[in-house]
Amino acid sequence: MKRFSTILACVIGSLLWPVPAAMATAPSRPNIILIMADDMGYSDLGCYGGEIATPHLDALAQGGVRFTQFYNTGRCCPTRASLLTGLYPHQAGIGHMMEDKGLDGYRGDLNTRCVTIAEALRPAGYRTYMVGKWHVTKKVNPAEESGRHNWPLQRGFDRFYGTIHGAGSFFDPNSLTRDNRHISPYADPEYRPDAFYYTDAINDHAARFIADHARDHREQPFLMYVAHTAPHWPMHAKAKDIEKYRGKYDAGYDAIRAARVERMRAMGLIDPRWEIAPQQGGTWDAVKNRAFEIRCMEVFAAMIDCLDQGVGRMVAELKRTGQFDNTLILFFQDNGGCAEGMGRREGDIVPRADQPPLPPLAADYLQPNMIPNQTRDGWPIRQGYGVLPGAADTYHGYGEAWANVSNTPFREYKHWVHEGGIATPLVAHWPAGIRTAPDQTPGRLVRDPAHLRGPERCRVSPGVRRPSHPADGGRQFAAGFRGAAARPLAADLFRARGQSRGPRRTVETGRQRACRSLGTVRHDCRPDGNPGFVRQPTRAFGKDGPAMGGVGGSSPSRAVDLAARLW
Ligand SMILES: [Ca+2]
């Protein structure tokens with residue numbers, strides 16, 4: 001059985017390790033809620049310098065801690081695989097996305113030689129809930145029951161409401177699923193909102209699971225994994241949320257970035273000596289479709305605002321049911337802001353007709369597409385610069401320049417292993433746990449580097465079995481899980497690629513920085529042919545900080561020296 005060492009390990013390791021005396025006084029078996037946003041930049045949250053109103057997450061940060069150097073794996077699927085299993089994504093079978101690349105590290109499906117956090121916690125007495133985006137199996141619409149082998153209920157969760165696929169309309173998501181069955185959002189007897197919007201549906205079900213748990217399973221602790229699809233494209237939001245941001249982005253990219261940098265410096269999140277990354281994605285002066293660009297960011301902000309509103313409902317439910325103090329809440333992002341150009345193109349713009357030109361869809365129709373052909377009420381989906389984003393009949397990304405703003409002060413985006421791709425906020429809140437640890441002032445910044453897949457230090461909940469893995473110090477490997485032989489994939493994988501350095505050298509605390517300065521190791525990380533990995537040549541951290549890098553490009557020998565010292 002493989003090891004259980006997830007994001008929790010990093011957090012607990014940093015907050016409470018080594019403080020066994022403090023842990024002895026902390027209530028045992030806390031509830032654990034993991035909240036993850038999708039394609040969101042390092043500085044979008046208010047408590048990380050953003051102008052977007054996120055009062056509920058800000059309050060958790062104020063009552064807990066914020067990590068300044070926390071890292072994901074730069075893209076949806078590998079981050080989820082790593083988070084769920086505590087392994088490198090390749091070891092879990094998801095080194096890239098959902099396609100099978102012919103190597104065990106790249107099957108696009110969680111393998112049977114890993115153990116999910118839910119599979120580890122449930123035998124220890126936890127109830128396990130999952131809400132939102134799954135995205136660790138290619139079997140979205142399996143013809144056979146057996147094809148659901150990697151759906152949440154088959155990987156340790158007691159309850160599930162969400163989407164199996166990785167993206168879709170917020171007003172009509174494809175692959176919407178309750179437990180083990182696809183459902184239509186418009187014919188769901190268990191959830192009948194006035195108007196369906198996926199972020200609300202995720203938050204409402206998270207709050208519902210908290211309430212149901214307190215009513216039916218109060219004697220047990222619970223794990224809940226809340227994987228939002230906001231603010232991943234499409235830029236879809238409710239009109240009343242968009243209205244809050246009307247005019248807020250009229251000043252353009254540079255002004256918003258500068259304001260963020262100023263706030264981040266004042267908060268102590270970034271070193272004032274750092275030079276911020278260059279503006280990318282086109283200058284504001286050159287923008288031809290300003291109304292379109294402004295609306296993109298207004299909608300993006302509204303999506304995050306709505307996510308945060310739901311965090312407030314979850315917190316209120318925890319308080320109402322008396323579970324707030326002994327619940328560890330972690331908030332983080334699966335990757336940085338996204339520069340993909342979804343729906344952003346010139347071309348003939350077809351204005352909206354007076355009446356829906358298409359017949360409406362039946363309420364129980366299971367909408368199958370990531371980009372629907374039409375809305376439920378008969379409007380065709382429109383794209384292009386001439387269509388203002390936000391409504392159900394639109395489908396756009398917010399583009400490179402706003403992603404550059406989201407990732408302030410860092411370089412690059414989702415896909416890349418530069419800071420803009422992999423740096424994420426981490427807010428950790430746990431009154432009963434954090435208060436018992438020495439020198440843990442609420443609201444403080446934790447500057448220790450940490451990663452989704454952290455050292456094996458999980459002490460959050462006594463009684464949880466922590467499997468070991470030979471990739472971590474050569475310990476004896478425990479028996480296989482479910483009778484399958486369990487072995488590390490990494491060594492074989494990277495030998496097959498003709499590389500000599502193991503992947504762990506690319507992500508472990510401290511060493512991570514040097515690895516990102518070396519091209520060979522960069523390809524070790526993600527040998528998927530993505531041109532993003534060669535877009536910026538060798539870079540490393542130096543005195544200028546991670547935004548620009550100060551060692552690699554101009555002086556490769558210094559980068560090698562740095563790597564040699566750190567390894
Ligand atoms: Ca993502």
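Bear in mind the structure is a predicted one, so any value in this text is a computation, not a measurement.
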Taking all non-hydrogen atoms of both residues, which atom of [X] and which atom of [Y] are closest, and how far apart?
{"X": "P389", "Y": "C296", "result": "CG-SG, 3.8 Å"}
{"X": "I94", "Y": "G108", "result": "CG1-C, 4.2 Å"}
{"X": "I202", "Y": "A227", "result": "CD1-O, 3.9 Å"}
{"X": "F222", "Y": "I210", "result": "CZ-CG1, 4.2 Å"}
{"X": "L87", "Y": "C114", "result": "CD1-CB, 3.5 Å"}
{"X": "W151", "Y": "D179", "result": "CE3-O, 4.4 Å"}

[X] side chain near [Y] side chain, heavy-atom distance below 4.5 Å:
{"X": "H228", "Y": "D38", "value": "no"}
{"X": "S406", "Y": "F300", "value": "yes"}
{"X": "D188", "Y": "Y161", "value": "yes"}
{"X": "Y42", "Y": "P425", "value": "yes"}
{"X": "F331", "Y": "L307", "value": "yes"}
{"X": "M342", "Y": "Y395", "value": "yes"}
{"X": "N150", "Y": "V136", "value": "no"}

> Taking it one step at a time, do Y385 and K288 satisfy side chain to side chain contact (heavy atoms under 4.5 Å, CB included)?
Replying inline: CA-CA 9 Å; Y385 291 124; K288 288 185 292 186; over 6 Å; no
Between [atom1] of [X] and [atom2] of [Y], what distance do you get to the nearest 0.5 Å?
{"X": "N335", "Y": "T424", "atom1": "CG", "atom2": "OG1", "answer": "9.0 Å"}
{"X": "I422", "Y": "D334", "atom1": "CD1", "atom2": "CG", "answer": "13.0 Å"}
{"X": "R290", "Y": "D285", "atom1": "CZ", "atom2": "CG", "answer": "6.0 Å"}
{"X": "T229", "Y": "F170", "atom1": "OG1", "atom2": "CZ", "answer": "3.5 Å"}
{"X": "M40", "Y": "I52", "atom1": "CE", "atom2": "CD1", "answer": "6.5 Å"}
{"X": "M314", "Y": "F209", "atom1": "CE", "atom2": "CZ", "answer": "11.5 Å"}

Flag, side chain of [X] to backbone of [Y], donor-acceptor distance under 3.5 Å:
{"X": "S175", "Y": "H165", "answer": "yes"}
{"X": "N407", "Y": "E412", "answer": "yes"}
{"X": "R376", "Y": "A362", "answer": "yes"}
{"X": "D44", "Y": "G41", "answer": "yes"}
{"X": "S82", "Y": "T79", "answer": "no"}
{"X": "Q333", "Y": "A37", "answer": "no"}
{"X": "H236", "Y": "T394", "answer": "yes"}
{"X": "Q154", "Y": "R148", "answer": "yes"}
{"X": "T137", "Y": "D109", "answer": "no"}
{"X": "R75", "Y": "K414", "answer": "no"}

NZ/NE/NH1/NH2 to OD/OE distance under 4.0 Å, [X] and [Y]:
{"X": "K139", "Y": "E144", "answer": "no"}
{"X": "E243", "Y": "K240", "answer": "no"}
{"X": "D200", "Y": "K238", "answer": "yes"}
{"X": "K248", "Y": "E51", "answer": "no"}
{"X": "E119", "Y": "R122", "answer": "no"}
{"X": "R215", "Y": "D212", "answer": "yes"}

> Going through the distances and angles, do L34 and M36 end up as a side chain to side chain contact (heavy atoms under 4.5 Å, CB included)?
Replying inline: CA-CA 6 Å; L34 310 173; M36 188 160 71; over 6 Å; no
> Between F196 and Y198, what is the ring plane arrangement, given parallel below 30°, perpendicular above 60°, and tilted in between?
Replying inline: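 Plane angle under 30°, so parallel.
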> Parallel, tilted or perpendicular: which fits the ring planes of Y249 and Y245, with parallel below 30° and perpendicular above 60°?
Replying inline: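 The arrangement is parallel - the two ring planes meet at less than 30°.
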> Are there more than 12 heavy atoms of other residues, nucleotides or ligands under 6.0 Å from atom CD of E99?
Replying inline: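 Enclosed: over 12 neighbouring heavy atoms sit under 6.0 Å from CD of E99.
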Does either side chain, that of [X] or that of [Y], offer a donor lying less than 3.5 Å from an acceptor on the other one?
{"X": "T116", "Y": "R155", "answer": "no"}
{"X": "Q309", "Y": "D305", "answer": "yes"}
{"X": "H205", "Y": "R159", "answer": "no"}
{"X": "H56", "Y": "R313", "answer": "no"}
{"X": "Y129", "Y": "R127", "answer": "yes"}

is_close_aromatic([X], [Y]), centroid dist under 6.0 Å:
{"X": "Y197", "Y": "F171", "answer": "yes"}
{"X": "Y88", "Y": "H451", "answer": "no"}
{"X": "Y253", "Y": "W402", "answer": "yes"}

> How far apart are the C-alpha atoms of R113 and D104, what are their side-chain angles, what is the distance that settles it, and do they pass the side chain to side chain contact (heavy atoms under 4.5 Å, CB included) test?
Replying inline: CA-CA 11 Å; R113 293 177 292 179; D104 281 351; 3.8 Å; yes
>> Does H213 form a ring-ring contact (aromatic ring centres under 6.0 Å, His included) with Y126? I'd like the steps, not just the answer.
In response: CA-CA 11 Å; H213 181 87; Y126 272 71; 9.0 Å; no
>> Working note: M98 + C77, criterion side chain to side chain contact (heavy atoms under 4.5 Å, CB included); need CA distance, chi angles, decisive distance, verdict.
In response: CA-CA 7 Å; M98 294 289 88; C77 303; 3.7 Å; yes
>> Tell me which pairs pass side chain to side chain donor-acceptor pair (under 3.5 Å) where either residue lies in residues 349-366, with sequence neighbours left out.
In response: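 Found R352-D393.
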> Of T163, N174, N141, which is the lone residue that meets side-chain hydrogen bond (donor to acceptor under 3.5 Å, both in side chains) with H182?
Replying inline: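 Running side-chain hydrogen bond (donor to acceptor under 3.5 Å, both in side chains) over T163, N174, N141 with H182 returns exactly one hit, N141.
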